[in-house]
Amino acid sequence: MRWTCEYLKHPHLLSPSNLTRNLINTYKFAFLHIQHSSLVNGDSTYESKIKTLHANLIKNGSLLHNLQVGNRLLNRCVESLNFGYAQKLFDEMLYRDVRTWTIQLSGFARVGSFSSALDCFRRMQNECVWPNKFTLSSVLKCCSSLYELRMGKSVHGWIVTSGIGLDVTLENSILDLYVKCEAFDYVKKLFELMEDRDNVSWNIMVGAYLHIGEVEKSLCLFERLPEKVVASWNTIIDGLMKNGFQGIALELLYRMIISGHVFNKVTFSIALNLASSLSNVELGRRIHGCVLTFGVQDDRFIRNSLIDMYCKCGEMEKASVLFRKVSRDFLRMRNAKTSCEAEIVSWSSMISGYVRNGEYDDAFKTFRSMVCEQVGMSKFTLTSIVSACANAGILVLGRQMHAYIMKVGHKIDAHLSSSLIDMYAKCGSLDDAWKIFKQTDNPNVVQWTSMISGCALHGQGREAVKLFEHMTKKGIRPNEVTFIGVLTACSHAGLLEDGCDYFKLMKGHDLKPGFEHFACMVDLYGRAGHLNEAKEFIYNNSLSHLSAIWRSLLSSCRLHKDFAMAKRVSEKLPQLEPCDAGPYILLSNMLATEHKWEESAKVRRLMKHRGVKKHPGQSWIQLKNLVHTFVAGDRSHPQDTEIYSYLERLIGRLKEIGYSSDVQMVIQDVEEEQGEVFLSLHSEKLALVYGIISTPCGTPIQIMKNLRVCTDCHNFIKCTSQLLDREIIVRDIRRFHQFKNGRCSCGDYW
DNA sequence: TATACGCCAA
C-alpha cells in the first residue's frame, strides 16, 4: 500500500519504459488501494484518486499503449458504477481487445441496462472483434432479460458453428434464455443433451418448473437436488411465493435457516417480498433487523425491497424514512454521472406505494420532484402515476400525463396502454379508453380486460359481453381478471343468465374461481332479486366465513328492501371482521331504526373498546386545476357558509318536486359518520353543491367518492339533475352514475 | 471479466 502511494505522488516513476510486468502489478495495487480508501473515506476521495491516476496514466502514455492497464482502470470504473467516466475512458483507449468490450458490456448488464449492453455487442461485431465465452454468456443474459429469443437463438447457433466450444456456464446461459422466453421444448432438449450439469443447471430447471406453474414437480426436483446451495433455496422459495404458496414458502424459509444456510442478498429480497405478500409487517420488521445485523442495509436491491415491503404493508412513514436516504444518494451520484437504475426503482416503489395507500397527492408530489430532479423515468414509474390519475379520477391530470408520456417519447407497452385504458375509463371518458384500445395493434388479454372492466364500470353490460365474445373468438384466452370484469358487467346490467353461463365457462378455460368471482355471483343473484339463491350459493360454496360476501348480500337486501334478512346478515359481520368499522356502524344503525337504542349504543361501545379503525368517507371534485375534498359535515372549506346555505335552500326546493330523505338508507355500509351526522351533510352532497355554485348553469358536474353512494344521496342527486337541468356524474367505489333529467344510468341498481 | 435465485406497473 505504501508503495502505491509513492507512485501516486511521483508520476514520473510510471514512465513507459518501466512498464514491466512488475509495474503492472503495482497498478493493480494502486487500484486496490484506491478502492480501499474509497470504502473508508467516501466517494469523493475515490473520484479524485481515480482521476489522478487516470491523468498520470495519460501523461506517460501507458493508458494508450498498454491494454492491460487500460482494461484494469475501465474495470474499476465499471465496478464502482461510474459509467460516465467508463464511457470516456473507453472512447479514449487507443487499443481495445475483446476484454475491453466485455468489461464494458457486462458492466451495463450488471446494472440492468441490457439494451445498452446489446448495442455494445453490435458495435463490437461491426469492428470485427471476436467474442469470447465471457462476452457470450453476458450477451445471452441480456437476451434472456429482454426476452430476445430470436437474437438468443442466433447467438446459440453461432456458438455451435463457430467452434468456440460450449462449456457448462455457456450452456446454462442458453438454458436460462430458453426458460425465460418460454421455449420449453428447447429447454428439455438442451438439458437432456448436456454433458456436464452443475448446481446452476439444476437450479435453472427447478426455476423452469416453477415458471410454468408445475409446483409439485419443482418441489420433487428440489428435494432430490445433489447439492442445495443458497440459490437453490432462494429459487424454490421465490417460485412458491409467485405461485401463491406463501405458507409453504415460509416453511421452507424456516427450514433453510434451521439447516444452517446463511442468507445472501437475494434471500433478503425474497424474504422481504414474502413478508409483504403475507401482509406480515412483523416478519418484515424482523428481517429488517437481520439486514441491519448483517450490515447490508446499503445494498440497493435490499433497500428497495425494504421500501417496497413497508409500502405494501401500508407503513408509508417508515418507507419514506428509508427513501430519503435514497434521494440523497441519488443527488450525489447524479453529480458523478453514475448510473442509477436502482434509484429509479425506489422512486417508482414510493409512487406506487402512495397510490396503493390512496395518498394520491403524495404520489403526484413525488412524481413532480422526480421530474424536477431529472430522475430517469421507467415504464414502472409512468404506469404507477397513470394509475394514480385513474384512482384520483381527475381527467385533466390523466390527460396531462398521457401528453407527458408522448412528449418524452416513451414507448407505450402493454402495461402502459392497459393502464391508460383503465385511467380514461375510471376518469369518466370511455370514448378515450376506446381510442387507446383501438390504437393498440394486437391487444393482449390485459388490454381486453381493461376495456371490458371499463364498460362494466360505466354500466355497459352488453357491450362488455360483446367484447368478451370478440376476444375469445380471436383466440385470446381470458384470465381470472377478465372474468371478474365480465361477471361484474353482467351483475350491473342485470344479465343473470349470461353471468351464470360465464361463471360455468371459467372451468372450460381451466380457471379456478377465486373469492372475487364468488362475490360477483352473490352480487349477480342479489341484484336480480334472487336473495335466497344468493344465500344458498354462499353456503353451497362454503363462503360463509367471508365478510365481503355478506356485505354484498346486504346491499342487495337494501335494494330489494328485505329488512328481515338484512338484519340477520348484519349481525354476522362484526364477528367475521372485528377490525372493520363498517359492520359495527351498520348493525348499530339497523338497531337504531328499530328504536333499540340501548343495543345500538352497546355495539358502538364494543367498537370503541376494540379500537376499531374507521374508514372515513370522502368525496372530491376538481375545479380549475384544484381538487376540493369533503368529508361529511365538513366545515373546513373556505366557502362553507355559502355551501351550507345553498344546500338548505336546495333541499327545500327539491322537497317541492317530491324528494324526501330516505331514513331507511342507514342499512348500508356508507359513511362512518352515519347516524351521527345528518344525512343532508354527506360528503357527496357538499361536493355537489360546491360544484353547482362554482360553475355556470348547465355545466356538467363530476364528483368522486371513495365509498358507495347511499340511497338518500342517490335520490337527492337524481332530483337535483332534474330541478337544475344539469348532467351530474358520480364515480363511487363501484361504478359510474350518470344523472340526467331525474334518472340515473345505473337504473337504481348499484 | 461470465451463467441460476431478488425490488417497481395493468
Side-chain angles (χ1 to χ4, degrees), chain A residues 71-72 74-75 78-79 98-107 109-110 112 131-141 144 167-177 179-180 198-208 210 229-239 241-242 264-274 276 299-309 311-312 341-353 355-356 378-388 390 413-423 444-447 449-450 453 481:
Chain A
N71 281 347
R72 212 175 276 283
L74 183 66
N75 198 22
V78 168
E79 265 177 12
V98 55
R99 284 168 301 173
T100 324
W101 287 96
T102 308
I103 290 166
Q104 181 84 335
L105 189 154
S106 57
R110 209 177 311 150
N132 62 21
K133 285 179 182 173
F134 302 110
T135 332
L136 291 167
S137 52
S138 292
V139 167
L140 284 164
K141 186 196 163 121
S144 72
D167 60 8
V168 197
T169 307
L170 262 183
E171 279 189 310
N172 287 340
S173 306
I174 299 166
L175 196 65
D176 179 58
L177 168 87
V179 171
K180 291 265 165 62
D198 59 6
N199 52 34
V200 176
S201 331
W202 285 103
N203 204 27
I204 293 173
M205 289 312 282
V206 172
L210 289 162
V229 290
V230 179
S232 327
W233 290 93
N234 291 345
T235 306
I236 192 86
I237 293 170
D238 183 59
M241 186 167 60
K242 289 197 173 138
N264 66 11
K265 290 178 180 179
V266 181
T267 325
F268 279 115
S269 269
I270 293 169
L272 286 166
N273 211 351
L274 185 60
S276 57
D299 178 83
R300 297 167 149 80
F301 249 119
I302 294 180
R303 197 159 54 183
N304 286 343
S305 304
L306 277 169
I307 291 176
D308 189 55
M309 184 272 294
C311 283
K312 284 186 178 149
E341 305 263 339
E343 278 64 31
I344 298 175
V345 172
S346 326
W347 290 77
S348 302
S349 286
M350 284 308 287
I351 292 177
S352 76
V355 175
R356 190 190 302 270
S378 72
K379 47 188 177 171
F380 292 99
T381 331
L382 294 170
T383 315
S384 300
I385 202 75
V386 170
S387 121
D413 69 349
H415 277 284
L416 204 44
S417 86
S418 57
S419 59
L420 281 169
I421 294 170
D422 187 55
M423 183 274 289
N444 68 13
V445 59
V446 184
Q447 284 144 325
T449 303
S450 298
S453 313
V481 190

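The structure presented is a predicted model; accordingly, all values stated were derived computationally and were not measured.
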Worksheet item: Between B:dA10 atom P and A:Gln447 atom CD, what is the distance in whole Å?
Response: 14 Å

Worksheet, complete the sentence: When rounded to whole Å, the CH2 to P distance for the pair A:Trp202 and B:dC5 reads 17 Å

Worksheet item: CZ of A:Phe268 versus P of B:dC7: gap in Å, rounded?
Response: 16 Å

Item to complete: Decide yes or no for A:Val229 and A:Asn203: does some side-chain heavy atom of the first lie under 4.5 Å from some side-chain heavy atom of the second?
Response: no

Worksheet entry | Below 4.0 Å: OP1/OP2 of B:dG6 and any side-chain N or O of A:Lys242 | yes

Fill in: Polar side-chain atom of A:Asn304 near backbone of A:Ala342 as donor-acceptor pair, under 3.5 Å
yes

Worksheet item: Base, sugar-phosphate alone, or nothing: which one does A:Thr235 contact when heavy atoms must sit under 4.0 Å apart?
Response: sugar-phosphate

Worksheet entry | Side-chain heavy atoms of A:Met350 within contact of A:Ile307, under 4.5 Å | yes

Discussion item. Within the 4.0 Å heavy-atom criterion, would you say A:Ser384 contacts the bases, only the backbone, or no part of the nucleic acid?
Written reply: sugar-phosphate

Item to complete: Between B:dA10, B:dT1, B:dC5, spot the one nearest the side chain of A:Val446, thanks.
Response: B:dA10

Fill in: Within-4.5 Å side-chain heavy-atom neighbours: A:Ile270 and A:Thr267
no

Discussion item. Counting only side-chain heavy atoms from C-beta out, which of B:dC7, B:dT3, B:dA2 sits nearest to A:Val345?
Written reply: B:dC7

Fill in: Sugar-phosphate only, base, or nothing, as touched by A:Asn444 at under 4.0 Å among non-hydrogen atoms
nothing

Worksheet item: Which listed nucleotide (B:dC8, B:dC7, B:dT3) is nearest to the side chain of A:Ser173?
Response: B:dT3

Worksheet item: Can you tell me how far P of B:dG6 sits from CG of A:Asn234, to the nearest Å?
Response: 9 Å

Worksheet item: Does a side-chain heavy-atom distance below 4.5 Å link A:Met205 with A:Leu175?
Response: yes

Worksheet item: Just checking A:Ile270: base, sugar-phosphate only, or nothing, at a heavy-atom cut-off of under 4.0 Å?
Response: sugar-phosphate

Worksheet item: Between B:dC7 atom C1' and A:Asn264 atom CG, what is the distance in whole Å?
Response: 15 Å

Item to complete: Answer yes or no: does a side-chain N or O of A:Lys312 lie under 4.0 Å from OP1 or OP2 of B:dC7?
Response: no

Worksheet item: A:Lys141 NZ to B:dG6 P: how many Å, rounded?
Response: 10 Å

Discussion item. Measuring from the side chain of A:Val200 (C-beta onward, heavy atoms only), which nucleotide among B:dA4, B:dC7, B:dA9 has the closest atom?
Written reply: B:dA4

Fill in: Side chain of A:Asp238 - closest among B:dT3, B:dT1, B:dG6
B:dG6

Worksheet entry | Nucleic acid contacts of residues 415-423 of chain A, taken as heavy-atom distances under 4.0 Å to DNA chain B | A:His415, A:Ser418, A:Asp422

Worksheet item: Out of B:dC5, B:dT1, B:dA2, which nucleotide sits closest to the side chain of A:Ser137?
Response: B:dA2

Worksheet item: By side-chain hydrogen bond (donor to acceptor under 3.5 Å, both in side chains), which residues pair with A:Asn273, not counting sequence neighbours?
Response: none

Discussion item. Are A:Val168 and A:Ser201 packed together at the side-chain level, in the sense that at least one heavy-atom pair is separated by less than 4.5 angstrom?
Written reply: yes

Discussion item. With hydrogens left out and only the distance checked, is there a donor-acceptor pair under 3.5 Å joining A:Asp308's side chain and the base of B:dC7?
Written reply: no

Worksheet item: Looking only at side-chain N and O atoms, does A:Asn304 come under 4.0 Å of OP1 or OP2 in B:dC8?
Response: no

Discussion item. Counting the atoms with a prime plus P, OP1 and OP2 as sugar-phosphate, which does A:Ser450 contact under 4.0 Å by heavy atoms, base, sugar-phosphate, or nothing?
Written reply: nothing

Discussion item. A side-chain contact here means heavy atoms from C-beta on lying under 4.5 Å apart; do A:Val206 and A:Ile236 qualify?
Written reply: yes

Worksheet item: Once you round it to whole Å, what is the distance between P of B:dG6 and CZ of A:Arg303?
Response: 21 Å

Fill in: Any A:Lys180 side-chain N or O less than 4.0 Å from OP1/OP2 of B:dT3
no

Discussion item. Going by the rule side-chain contact (heavy atoms from CB on, under 4.5 Å), which residues pair with A:Ser418 if we only count those two or more places apart in sequence or in a different chain?
Written reply: A:Val446, A:Gln447, A:Ser450

Discussion item. If you compare every side-chain N and O of A:Arg356 against the phosphate oxygens of B:dA9 (OP1, OP2), does one of them come in below 4.0 Å?
Written reply: yes

Practice prompt. Name the closest nucleotide to the A:Lys133 side chain, picking from B:dC8, B:dA2, B:dG6.
Written response: B:dA2

Worksheet item: Out of B:dA9, B:dA2, B:dA4, which has the shortest distance to the side chain of A:Phe380?
Response: B:dA9

Discussion item. Using whole Å, what does the distance between atom C1' of nucleotide B:dC7 and atom CD1 of A:Ile237 come to?
Written reply: 17 Å

